[in-house]
Amino acid sequence: MIRDPELLSQLLDTISRFVRERLIPNEERLAEEDAVPPELLEEMKEMGLFGLSIPEEYGGLGLTMEEEALVAMEIGKTSPAFRSVFGTNNGIGAQGILIDGTQEQKAKYVPRLATGEILSSFCLTEPDSGSDAASLRTTAIRDGDHYILNGTKRYITNGPEADLFTVMARTDPANKGAGGISAFIVQGDTPGLIRGPADNKMGQKGAHTCDIIFDNCRVPAENIIGGKEGQGFKTAMKVLDRGRLHISAVCVGVADRLVEESLHYAMERKQFGAMLADHQLIQAMLADSKTEAYAGYAMVMDAARRKDTGENVSTLASCCKLFCAEMVGRVADRAVQVHGGAGYMAEYAVERFYRDVRLFRIYEGTTQIQQLVVARNMVREAS
Ligand code: COS
């Protein structure tokens with residue numbers, strides 16, 4: 001749903017200019033320094049990027065899913081690590097509190113997430129619990145008016161710098177399934193919350209992950225999201241439904257950028273006496289990438305609009321994530337191929353994007369998990 005087309009078009013223009021003039025020229029610096037330049041971070045805060053999908057009553061822009069998808073597609077046109085820094089505040093780091101939190105929890109934390117004053121993070125994955133999220137082992141045992149958390153979370157995006165964590169932990173050790181899990185809001189400076197060293201990743205330099213270790217970490221009982229035990233797994237799944245749509249939109253944006261890079265190169269370089277873009281085998285690659293990016297766009301827009309009408313889009317969000325993450329992988333592969341030897345060289349953006357996009361098929365649920373969710377929901381609905 002688009003509430004005010006004119007306002008949205010202004011926002012999209014502003015973001016598009018920011019991407020073109022500020023972020024794209026700093027992509028190499030981001031990768032080399034493995035950090036978002038501090039002045040860009042400030043500009044992102046000033047533009048309201050940390051609160052895009054946070055309701056206006058908490059100081060955000062309150063974008064609908066359709067509006068957010070369009071914004072994510074614009075932001076997707078530059079290195080995904082730029083998005084990562086404010087993505088968690090809009091997405092997995094804030095949505096748990098927004099979807100299932102109490103009024104007090106929302107009022108206490110969300111306004112500061114919207115401005116970027118604090119950074120947030122989402123702790124679900126563990127060393128022995130990735131795709132099988134319900135098997136997580138981190139425990140949260142009640143002790144008076146606190147819970148004591150113990151366990152390790154792995155590959156936590158923004159873990160090294162986050163001020164606030166949404167943590168899924170088992171409050172009922174006798175219940176080994178999803179029903180034994182609760183979600184907690186944990187402040188980054190809580191004693192017993194220890195950050196591991198930053199991981200050395202294949203790509204997306206500038207976006208950081210690390211282990212988050214809970215060693216007898218005492219968290220106030222009032223920080224249990226929604227005030228109720230046993231709801232944490234469902235909260236995490238709802239957060240991921242939204243996150244998967246957002247990531248799909250980012251994949252479409254990245255695919256558009258790669259199509260643009262491929263076309264530009266194919267029109268610049270000559271072989272066999274003609275520009276690459278005049279050779280039919282190159283044209284086939286350009287056309288396939290353009291078509292697939294457009295298919296991703298159409299899927300994401302449809303699912304986002306349906307979500308805005310209140311429809312349960314769990315299946316469609318997984319369809320989008322499944323298609324768009326795989327699609328951008330193929331588009332990145334063709335982009336390298338169109339560039340030939342140059343595509344293997346670090347001085348061309350497509351080399352970096354080729355590594356960056358690999359993560360889309362893994363995080364916020366692997367392609368195989370999306371297949372499983374889609375098929376299981378199909379069977380469930382049919383029976
Ligand atoms: N929204 C709301 N509730 C949901 C839900 C959703 N999207 N998906 C599942 N649930 C509920 C189910 O309805 C069920 O509730 P009841 O027990 O009341 O019936 C409960 O949660 C357990 O669901 P289910 O039985 O489907 O859980 P499983 O353990 O079988 O599998 C999958 C769940 C595999 C889908 C889940 O573990 C998953 O998404 N894994 C991937 C995790 C992931 O994406 N990690 C990425 C890292 S975080 S960036």
Side-chain angles (χ1 to χ4, degrees), residues 65 80 83-84 87-96 98-100 120-138 151-159 162 165-172 175-183 199 201 204 207-212 225-226 228-248 250-251 303 306-307 310-322 324-325 358-381 383:
M65 196 68 230
R83 184 213 62 94
S84 217
T88 49
N89 275 28
N90 288 293
I92 56 177
Q95 288 297 329
L98 278 169
I99 295 171
D100 282 339
S120 63
S121 199
F122 182 75
C123 295
L124 179 65
T125 302
E126 299 183 354
D128 294 317
S129 159
S131 289
D132 183 8
S135 71
L136 64 83
R137 288 197 200 152
T138 295
T152 298
K153 296 292 180 178
R154 181 139 293 174
Y155 310 139
I156 303 305
T157 301
N158 286 342
F165 295 84
T166 296
V167 182
M168 268 51 68
R170 193 168 297 284
T171 38
D172 180 2
N175 183 342
K176 303 278 179 224
I181 297 170
S182 305
D199 300 317
K201 304 192 276 58
Q204 299 217 7
H208 307 134
T209 64
C210 72
D211 277 6
I212 299 292
I225 291 184
K228 259 198 293 186
E229 285 192 6
Q231 300 301 309
F233 186 80
K234 289 183 187 174
T235 298
M237 290 300 116
K238 288 184 250 178
V239 166
L240 287 172
D241 280 348
R242 188 183 178 105
R244 287 167 183 168
L245 263 184
H246 177 94
I247 294 294
S248 304
V250 174
C251 290
R306 287 169 184 253
K307 185 164 184 7
E311 190 175 322
N312 179 344
V313 295
S314 180
T315 307
L316 297 184
S318 284
C319 289
C320 287
K321 171 76 163 56
L322 164 56
C324 293
R358 190 62 184 83
L359 184 59
F360 291 132
R361 291 159 62 190
I362 299 170
Y363 74 174
E364 300 208 17
T366 61
T367 290
Q368 290 66 34
I369 285 296
Q370 311 310 330
Q371 290 173 318
L372 193 143
V373 171
V374 173
R376 278 188 0 179
N377 289 350
M378 286 167 68
V379 172
R380 204 170 289 151
E381 278 162 30
S383 46

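Note that the numbering runs from 1 along the sequence shown for the chain. Order of listing sets the numbers, starting from 1, for every ligand and every atom in it. Just so it is clear, the model here is predicted, and its values are computed rather than measured.
Across every non-hydrogen atom of Thr125 and Tyr155, the tightest pair is CG2-CD1, 4.4 Å. Minimum interatomic distance between Asp199 and Thr209 (heavy atoms only, all atoms of both residues): OD2-OG1, 2.6 Å. Closest approach of Ser318 to Gln370, counting heavy atoms only: OG-OE1, 2.8 Å.
The protein reaches atom 39 (O) of ligand 1 closely, with a heavy atom under 4.0 angstrom from it. Counting protein heavy atoms under 4.0 angstrom from atom 12 (C) of ligand 1 gives zero. For atom 17 (O) of ligand 1, no protein heavy-atom neighbour is found at a distance under 4.0 Å. Distance remark: protein heavy atom present below 4.0 angstrom from atom 2 (C) of ligand 1.
Residue-level proximity to ligand 1 for Phe122 is carried by the side chain, the only part with a heavy atom below 4.0 angstrom. In Val373, the part holding a heavy atom less than 4.0 Å from any atom of ligand 1 is the side chain. Contact annotation: for Arg242 versus ligand 1, there are no heavy atoms closer than 4.0 Å. At a 4.0 Å heavy-atom cut-off, ligand 1 does not touch Thr157 at all.
For the side chain to side chain contact (heavy atoms under 4.5 Å, CB included) test, residues two or more places apart in sequence or in another chain that qualify with Asn312 are Ser314. Contacts of Ser84 classified as side chain to side chain contact (heavy atoms under 4.5 Å, CB included), with partners at least two apart in sequence or in another chain: Thr157, Ala207.
Of all protein heavy atoms, the one lying nearest to atom 23 (O) of ligand 1 is Phe233 CE2, 3.7 Å. Looking at atom 15 (O) of ligand 1, its nearest protein heavy atom turns out to be Lys234 CE, 3.2 Å. Nearest non-hydrogen protein atom to atom 46 (C) of ligand 1 is Gly365 N, 3.5 Å. The protein atom (non-hydrogen) at minimum distance from atom 31 (O) of ligand 1 is Arg376 NH2, 3.4 Å. Among protein heavy atoms, atom 5 (C) of ligand 1 sits closest to Met237 CB, 3.3 Å.
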Before you tell me yes or no, could you show the steps for Gln231 and Ile225 under side chain to side chain contact (heavy atoms under 4.5 Å, CB included), namely the whole-Å CA-CA distance, both residues' side-chain angles and the distance that decides it to 0.1 Å? CA-CA 8 Å; Gln231 300 301 309; Ile225 291 184; over 6 Å; no
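For the residues Gln231, Arg244, Gln368, the heavy atom positioned nearest atom 44 (O) of ligand 1 is part of Arg244. Taking all heavy atoms of Arg154, Glu364, Lys238 into account, the minimum distance to atom 49 (S) of ligand 1 is reached by Glu364.
Backbone and side-chain nitrogen or oxygen atoms of Asp132 are examined, and none is located within less than 3.5 angstrom of a nitrogen or oxygen of ligand 1. The shortest N or O to N or O distance between Asp241 and ligand 1 is under 3.5 Å. Here's the thing with Ser131: one of its N/O atoms is less than 3.5 angstrom from an N/O atom of ligand 1. Checked by distance only, ligand 1 and Ala178 stay at 3.5 Å or farther apart across all their nitrogen or oxygen atoms.
Taking 4.5 Å as the limit, every side-chain heavy atom of His246 sits out of range of all side-chain heavy atoms of Asn90. The shortest distance between side-chain heavy atoms of Val373 and Met237 does not fall below 4.5 Å. Between Thr138 and Met168 there is no side-chain heavy-atom pair separated by less than 4.5 Å.
Listed by atom number, the atoms of ligand 1 under 4.0 Å from Ala134 heavy atoms are 29 (O). Close approach of ligand 1 to Leu240 (heavy-atom distance below 4.0 Å) involves ligand atoms 43 (C), 44 (O). Here is the list of ligand 1 atoms found below 4.0 Å of a heavy atom in Ser314: 7 (N). Interface of Thr125 with ligand 1, defined as ligand atoms under 4.0 Å from a residue heavy atom, comprises 47 (C).
A donor-acceptor contact shorter than 3.5 Å links the side chain of Arg170 to the backbone of Lys176. Using a distance-only test at 3.5 Å, with no hydrogens or angles considered, no donor-acceptor pair links the side chain of Lys238 to the main chain of Ile99. Proximity of a side-chain donor or acceptor of Lys321 to a complementary backbone N or O of Phe360 within less than 3.5 Å is detected. Between the Thr367 side chain and the Leu322 main chain, no donor and acceptor come within less than 3.5 Å of each other.
Using a cutoff of 4.0 Å between basic side-chain nitrogens and carboxylate oxygens, Arg154 and Glu126 are not scored as salt-bridged.
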